[in-house]
Amino acid sequence: MAETVGIVGSGLIGRSWAMLFAGAGYKVRLFDILPEQVQSALAEIEKQLYELEKSKLLRGSRSAKEQVALISGTSSLKECVSGALLVQECTPEVLAIKLKALKDLDVVVEAPTIISSSTSTHMPSVLSKDMKNKERFIVSHPVNPPYYVRMVEIVPAPYTESWVPQKVRSIMQELGQVPVSLKKEVPGFSLNRIQYVILNEVWRQVEEGVLDVADVDKVMSEGLGPRYAFLGALETAHLNAEGMQNYCERYAPTIYSVSQSMGPIPHMQNETLKTVHKQLCDSIPLDKLQERRQWRDTCLTRLSVLKQEMEAMPNTGLAKK
């Protein structure tokens with residue numbers, strides 16, 4: 001008999017989680033306080049799954065029809081979580097909303113159900129400190145859009161029981177996601193801390209007149225990005241010299257010197273914002289954002305397929321654990 005998971009929140013992230021769990025054979029109950037939102041989400045999920053199947057990009061071994069049959073909706077939170085292995089909270093990234101949703105969940109969830117949050121910014125201890133089920137609380141932060149980008153950050157609170165992150169990691173691997181397990185909580189987790197460093201520097205380069213928006217984005221998309229799609233920053237450095245020790249012997253003084261010149265962290269809500277926003281809108285008007293997102297998702301899906309093909313090829317490099 002298939003395990004059941006509950007999804008709290010029927011927005012983009014909630015729909016993506018529902019599709020991922022169904023692809024792995026889980027029964028999914030999708031909850032929203034508004035019944036019409038649930039029905040709209042179910043219709044959108046069905047549409048997406050059949051489109052993915054038609055494009056031969058559907059994840060999992062089950063057909064779209066089989067996956068759709070595994071997903072149901074409810075406007076009863078108690079029904080959503082009853083007997084669930086895991087409940088994934090996917091409410092908007094507003095602290096007050098998440099605290100209210102988790103407070104409501106805490107009332108109806110029973111052991112051993114795991115309570116997992118999709119939050120991208122709020123630390124687990126902040127979200128769960130007042131919960132009676134806090135020892136089974138964890139953050140499973142996906143990368144947007146989760147169906148097309150596989151990484152998930154698993155972040156425990158200081159009091160999360162040790163079996164919980166291990167179990168969640170195995171579930172994420174079963175879904176075909178790529179989990180990274182933080183040993184402790186830090187503000188922004190890992191992905192956003194790294195992302196913010198990049199955003200801060202590209203912002204400074206536009207602000208200081210070094211590059212315009214189009215060219216500074218090409219530094220990522222045509223320069224660093226292709227390597228980082230397959231290799232991490234540390235492995236990239238390791239391969240760019242005779243190992244990391246040699247890389248640091250060659251470049252560490254320069255890295256330190258250049259880093260000292262990078263200046264203060266930009267606030268971003270200043271005159272430069274007008275410049276950045278205008279240049280981005282000149283390239284991608286606001287009414288074309290959804291079209292561009294669809295193009296992005298197609299690219300990410302095909303890249304994911306390529307990565308899996310490369311990982312499966314023999315004699316193309318050392319196996320990654």
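On a predicted model such as this, the values are computed, not experimentally measured, just so you know.
Taken to the nearest 0.5 Å, the CE atom of Met268 stands 9.0 Å off from the CG atom of Asn270. Between atom CG of residue Leu231 and atom OG1 of residue Thr236 there is a gap of 4.5 Å, rounded to the nearest 0.5 Å. Rounding to the nearest 0.5 Å places CD of Gln37 at 6.5 Å from OG of Ser40. Distance check: Glu207 CD to Leu273 CG gives 10.5 Å after rounding to the nearest 0.5 Å. Taking NZ of Lys184 as the reference point, atom CG of Leu182 lies at 10.0 Å (rounded to 0.5 Å). Here the CG atom belonging to Leu52 is positioned 7.0 Å from the OG1 atom belonging to Thr301, to the nearest 0.5 angstrom.
Side-chain heavy atoms closer than 4.5 Å link hydrophobic residues (I, L, V, M, F, W, Y) into clusters, and following such links, possibly through other members, connects Leu224 to Val206. Hydrophobic clustering of Ile, Leu, Val, Met, Phe, Trp and Tyr side chains at less than 4.5 Å, counting indirect connections, keeps Met310 apart from Tyr228. Under a hydrophobic clustering in which Ile, Leu, Val, Met, Phe, Trp and Tyr are joined whenever their side-chain heavy atoms come within less than 4.5 Å, directly or via other members, Leu70 and Leu42 fall into different clusters. In the hydrophobic clustering of this structure, Tyr196 does not group with Val143; members are Ile, Leu, Val, Met, Phe, Trp, Tyr whose side-chain heavy atoms approach within less than 4.5 Å, directly or through other members. Residues Met313 and Leu306 fall within the same hydrophobic cluster, defined by Ile, Leu, Val, Met, Phe, Trp and Tyr side chains chained together at heavy-atom separations under 4.5 Å.
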Practice prompt. Could you please spell out the steps behind the side-chain contact (heavy atoms from CB on, under 4.5 Å) verdict for Glu53 and Gln67?
Written response: CA-CA 11 Å; Glu53 184 175 56; Gln67 294 186 31; over 6 Å; no

Worksheet entry | Verdict with reasoning, Glu44 to Lys47, per side-chain contact (heavy atoms from CB on, under 4.5 Å) | CA-CA 5 Å; Glu44 179 62 26; Lys47 176 185 173 185; 4.2 Å; yes

Worksheet item: Going through the checks in order, is the side-chain contact (heavy atoms from CB on, under 4.5 Å) test met by Thr91 and Lys100?
Response: CA-CA 10 Å; Thr91 60; Lys100 173 64 167 62; over 6 Å; no

Worksheet item: Is there a side-chain contact (heavy atoms from CB on, under 4.5 Å) between Met131 and Lys103 once you walk through the steps?
Response: CA-CA 7 Å; Met131 295 172 62; Lys103 182 179 179 180; over 6 Å; no

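No side-chain heavy atom of Val28 sits less than 4.5 Å from a side-chain heavy atom of Ser72. Looking at heavy atoms from C-beta onward, Arg250 lies in side-chain contact with Glu242 at the 4.5 angstrom threshold. No side-chain heavy atom of Ile115 sits under 4.5 Å from any side-chain heavy atom of Glu89. A heavy-atom distance below 4.5 Å is found between the side chains of Leu127 and Leu95. Between Ile71 and Lys27 the shortest side-chain heavy-atom distance does not fall below 4.5 Å. Between Ile13 and Asn144, some side-chain heavy-atom pair lies under the 4.5 Å cut-off. Contact annotation: the side chain of Thr121 approaches that of Thr119 to within less than 4.5 Å [non-hydrogen atoms, C-beta and beyond]. Counting heavy atoms from C-beta on, the side chains of Cys90 and Ser118 come closer than 4.5 Å.
Between the Arg15 side chain and the Gln48 main chain, no donor and acceptor come within less than 3.5 Å of each other. Between the side chain of Lys307 and the main chain of Ala229, a donor-acceptor pair closer than 3.5 Å is present. Checked by atom type and distance alone, the side chain of Asn192 pairs as donor or acceptor with a backbone atom of Ser120 at under 3.5 Å. Judged by distance alone, the side chain of Asp106 and the main-chain N or O of Leu102 form no donor-acceptor pair under 3.5 Å.
Salt-bridge annotation for Lys274 and Glu271: present, with a side-chain N of the basic residue lying under 4.0 Å from a carboxylate O of the acidic one. Between Lys218 and Asp215, at least one side-chain nitrogen of the basic residue sits less than 4.0 Å from a carboxylate oxygen of the acidic one, meeting the salt-bridge criterion.
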Under 3.5 Å, side-chain donor or acceptor atoms of residues 254-262 against the rest of the protein: list the pairs with distances, not counting sequence neighbours.
{"unit_1": "Ser259", "atom_1": "OG", "unit_2": "Ile255", "atom_2": "O", "d": "2.6"}
{"unit_1": "Ser261", "atom_1": "OG", "unit_2": "Val258", "atom_2": "O", "d": "2.6"}

Validation: residues 55-63 side-chain donor-acceptor distances under 3.5 Å, sequence neighbours left out:
{"unit_1": "Ser55", "atom_1": "OG", "unit_2": "Glu51", "atom_2": "O", "d": "3.1"}
{"unit_1": "Arg59", "atom_1": "NH1", "unit_2": "Tyr147", "atom_2": "O", "d": "2.8"}
{"unit_1": "Arg59", "atom_1": "NH1", "unit_2": "Gln177", "atom_2": "OE1", "d": "3.0"}
{"unit_1": "Arg59", "atom_1": "NH2", "unit_2": "Leu175", "atom_2": "O", "d": "3.3"}
{"unit_1": "Arg59", "atom_1": "NH2", "unit_2": "Gly176", "atom_2": "O", "d": "3.1"}
{"unit_1": "Arg59", "atom_1": "NH2", "unit_2": "Gln177", "atom_2": "OE1", "d": "2.5"}
{"unit_1": "Ser63", "atom_1": "OG", "unit_2": "Glu66", "atom_2": "N", "d": "3.1"}
{"unit_1": "Ser63", "atom_1": "OG", "unit_2": "Glu66", "atom_2": "OE1", "d": "3.4"}

Listing, residues 277-284 side-chain donor-acceptor contacts under 3.5 Å, not counting sequence neighbours, or none:
{"unit_1": "Lys278", "atom_1": "NZ", "unit_2": "Asp282", "atom_2": "OD2", "d": "3.0"}
{"unit_1": "Gln279", "atom_1": "OE1", "unit_2": "Val213", "atom_2": "N", "d": "2.9"}

Less than 3.5 Å apart, which donor and acceptor atoms pair up between the side chains of residues 148-160 and the rest of the protein, not counting sequence neighbours?
{"unit_1": "Arg150", "atom_1": "NH2", "unit_2": "Glu311", "atom_2": "OE2", "d": "3.3"}
{"unit_1": "Glu153", "atom_1": "OE1", "unit_2": "His141", "atom_2": "ND1", "d": "2.6"}
{"unit_1": "Glu153", "atom_1": "OE2", "unit_2": "Ser190", "atom_2": "N", "d": "2.8"}
{"unit_1": "Glu153", "atom_1": "OE2", "unit_2": "Leu191", "atom_2": "N", "d": "2.7"}
{"unit_1": "Tyr159", "atom_1": "OH", "unit_2": "Ser128", "atom_2": "OG", "d": "2.7"}
{"unit_1": "Tyr159", "atom_1": "OH", "unit_2": "Lys129", "atom_2": "N", "d": "3.2"}
{"unit_1": "Thr160", "atom_1": "OG1", "unit_2": "Phe137", "atom_2": "O", "d": "2.8"}
{"unit_1": "Thr160", "atom_1": "OG1", "unit_2": "Ala157", "atom_2": "N", "d": "2.8"}
{"unit_1": "Thr160", "atom_1": "OG1", "unit_2": "Ala157", "atom_2": "O", "d": "3.4"}

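Using modelled atom types and a 3.5 Å distance limit, the side chains of Arg169 and Gln166 yield no donor-acceptor pair.
Under a cut-off of 6.0 angstrom, the local environment of CZ in Arg296 is crowded, with over 12 non-hydrogen atoms contributed by other residues, nucleotides or ligands. A 6.0 Å sphere centred on CD1 of Ile265 holds no more than 12 heavy atoms belonging to other residues, nucleotides or ligands. More than 12 heavy atoms of other residues, nucleotides or ligands lie within 6.0 Å of CD in Glu36, so this atom counts as buried by the packing criterion. Atom CD1 of Ile33 has 12 or fewer heavy atoms from other residues, nucleotides or ligands within 6.0 Å. No more than 12 heavy atoms of other residues, nucleotides or ligands sit less than 6.0 Å from atom CD of Gln245.
Across Trp203 and Pro266, no two heavy atoms sit closer than the pair CD1-CB, 3.6 Å. Nearest heavy-atom pair across Thr74 and Cys80 is CG2-CB, 3.9 Å. Closest approach of Met19 and Ile45 over heavy atoms only: CG-CG2, 3.8 Å. Closest approach of Ser10 and Asp32 over heavy atoms only: OG-OD2, 2.7 Å. Taking all atoms of both residues into account, the shortest heavy-atom contact from Gln88 to Ser117 is NE2-C, 3.5 Å. Between Ser82 and Arg29, the shortest heavy-atom contact is O-NH1, 2.8 Å.
For residues 18-60, the set of pairs meeting the ring pair (Phe, Tyr, Trp, His ring centres under 6.0 Å) definition, not counting sequence neighbours, comprises Trp17-Phe21, Phe21-Tyr26.
Scanning for salt bridge (charged side-chain N to carboxylate O under 4.0 Å, His left out) contacts around Asp297 gives an empty result, with sequence neighbours left out.
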